[in-house]
2 protein chains.
Amino acid sequence: MTDADTIIGNIRADGHRLTRIRVFMIRTLFEAQRPLAPSEILTRLAGFDIRADRTTVYRELRFLMEQNIVGHIKLGDHRNYYEILTEHHHHLVCKGCKNVKAVVLDNHLEDEERKIYKKEKFKVISHSLEFYGLCDSCLRKRA
Amino acid sequence: MTDADTIIGNIRADGHRLTRIRVFMIRTLFEAQRPLAPSEILTRLAGFDIRADRTTVYRELRFLMEQNIVGHIKLGDHRNYYEILTEHHHHLVCKGCKNVKAVVLDNHLEDEERKIYKKEKFKVISHSLEFYGLCDSCLRKRA
DNA sequence: AAATAAGATGCAACAATGTTGCAACAATAC
DNA sequence: GTATTGTTGCAACATTGTTGCATCTTATTT
């Protein structure tokens, strides 16, 4: 578990530039505590009085993915979401309030991935697992 | 495991209409043996000499999802994919040739879902799990 | 502190995916 | 065959994501 400043320092150490937008995008993704879509990032940057172009956000996300700082996931709608890569985790997506919460499983699927290699000769590199359902507060509202 | 004709019969029995496009979309999704994106469905329908509008395909997919005939999945790119709902399964997505193969796991994640309910009070209704990696033939090519 | 080089940015234009309203049409029931 | 209601195509639009290029910034060098 790292913090935003450490990551920002590493980017610098790796010889990459620290631009205003780059720094604030990293902080924004950190503070969000959940994956963000590009349009959400734009809105949040605007909240810091940082006007950035759509294009820049997309390009910066690609850069942050190449640096293995940010990862890409899907949450059931037609958008792409991005989040800071920390501990390996999955997501609970509430169908009611659309909230997203990270969850760490005991079972990391290594057994399944090993079986897949034996049976199918398919070498798993990564996986994505999202759970869809209802969070506690939405469950109560429906009861 | 059902076949296309059974599904088509059930739609009829449920009081829904059997239109040319509806019937061919079901057959197309069946024969594909893998999830299809809307634009791919359009192309395949054209192969049967069936000209359909984008709009119609989107609306028909929504209908088939409401009927629980078709399910929606993500495969790592920015498109939405649809497939006939049969046995519960997951997908192996090859990063090399982009091929997609269905796989049935021994572990159906019920244990994990039960633990999630206990720990997080989050009631899981469904999940989506995709594995990304390299298929046998792409592995050999890189070796 | 100014000059430089390379990377980052904004803008315009475009491409693809997906949605909505509405008029015309087709599948079924009668 | 006619009526009813679901289905379809079309036009227009909204959103997401990409590309080329001129301009500006960051960080280094002098």
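Letters A, B, ... are given to chains in the order of the sequence lines, protein chains preceding strands, and every chain is numbered from 1.
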*Nearest-Å distance for atom pair CG/P, residues A/L18 and C/dA6*: 19 Å
*Find the distance A/R22:CZ to D/dC24:P and express it as a whole number of Å.*
20 Å
*For residues A/H90 and A/E130, is any side-chain donor paired with an opposing acceptor at under 3.5 Å?*
no
*For A/K74 and C/dT17, what is the distance between atoms NZ and P respectively, to the nearest whole Å?*
12 Å
*Using whole Å, report how far CZ of B/F24 lies from P of D/dT7.*
18 Å
*Are OP1 or OP2 of C/dT17 and a side-chain N or O of B/S39 less than 4.0 angstrom apart?*
yes
*Between A/F63 (CZ) and D/dT18 (C1'), how many Å, whole number?*
19 Å
_Please determine whether a side-chain nitrogen or oxygen atom of A/R17 lies at a distance below 4.0 Å from atom OP1 or OP2 of D/dA27._
no
*Checking only heavy atoms, does the side chain of B/R54 share a donor-acceptor pair with the base of D/dG9 at less than 3.5 Å?*
no
*Going by atom types alone, do A/T56 and A/D53 pair a side-chain donor with an acceptor below 3.5 Å?*
no
*Establish, with yes or no, whether the OP1 or OP2 oxygen of C/dT17 is under 4.0 angstrom from a side-chain nitrogen or oxygen of B/N80.*
no
_With a 4.0 Å limit, can you tell me whether A/Y58 has a side-chain N or O closer than that to the phosphate oxygens OP1/OP2 of D/dT18?_
no
*If you measure only the distance, is there a donor-acceptor pair under 3.5 Å linking the side chains of B/R79 and B/S39?*
yes
*Mapping A/E60 and B/Y82 onto DNA chain C by nearest heavy atom, which one lands closer to the 5' end?*
A/E60
*Regarding B/E83 and B/H72, is there a side-chain donor-to-acceptor distance under 3.5 Å anywhere?*
no
_Please classify the nucleic acid contact of A/A37 as base, sugar-phosphate, or nothing, using heavy-atom distances under 4.0 Å._
nothing
*Report yes if at least one side-chain N or O of A/T19 is closer than 4.0 Å to OP1 or OP2 of C/dT9; otherwise report no.*
yes
*Is the distance between the ring centroids of A/H108 and A/H127 less than 6.0 Å?*
no
*Select one nucleotide: of C/dT20, C/dC11, C/dT9, the one nearest the side-chain heavy atoms of B/R62.*
C/dT20
*Candidates D/dT28, C/dG18, C/dG10 - which lies nearest the side chain of B/P38*: C/dG18
_Quick check for you: among C/dG10, C/dA29, D/dT8, whose closest atom lies nearest to any side-chain atom of B/R12?_
C/dA29
*For the side chain of B/R59, starting at C-beta, report the closest nucleotide among D/dT16, C/dC11, C/dC22.*
C/dC22
*Figure out the CE/C1' separation between B/M25 and D/dT8, and round it to whole Å.*
13 Å
*Take the protein atom NE2 of B/H16 and the nucleotide atom P of D/dT8, then report the distance between them rounded to whole Å.*
13 Å
*Between C/dA13 atom P and A/D53 atom CG, what is the distance in whole Å?*
14 Å
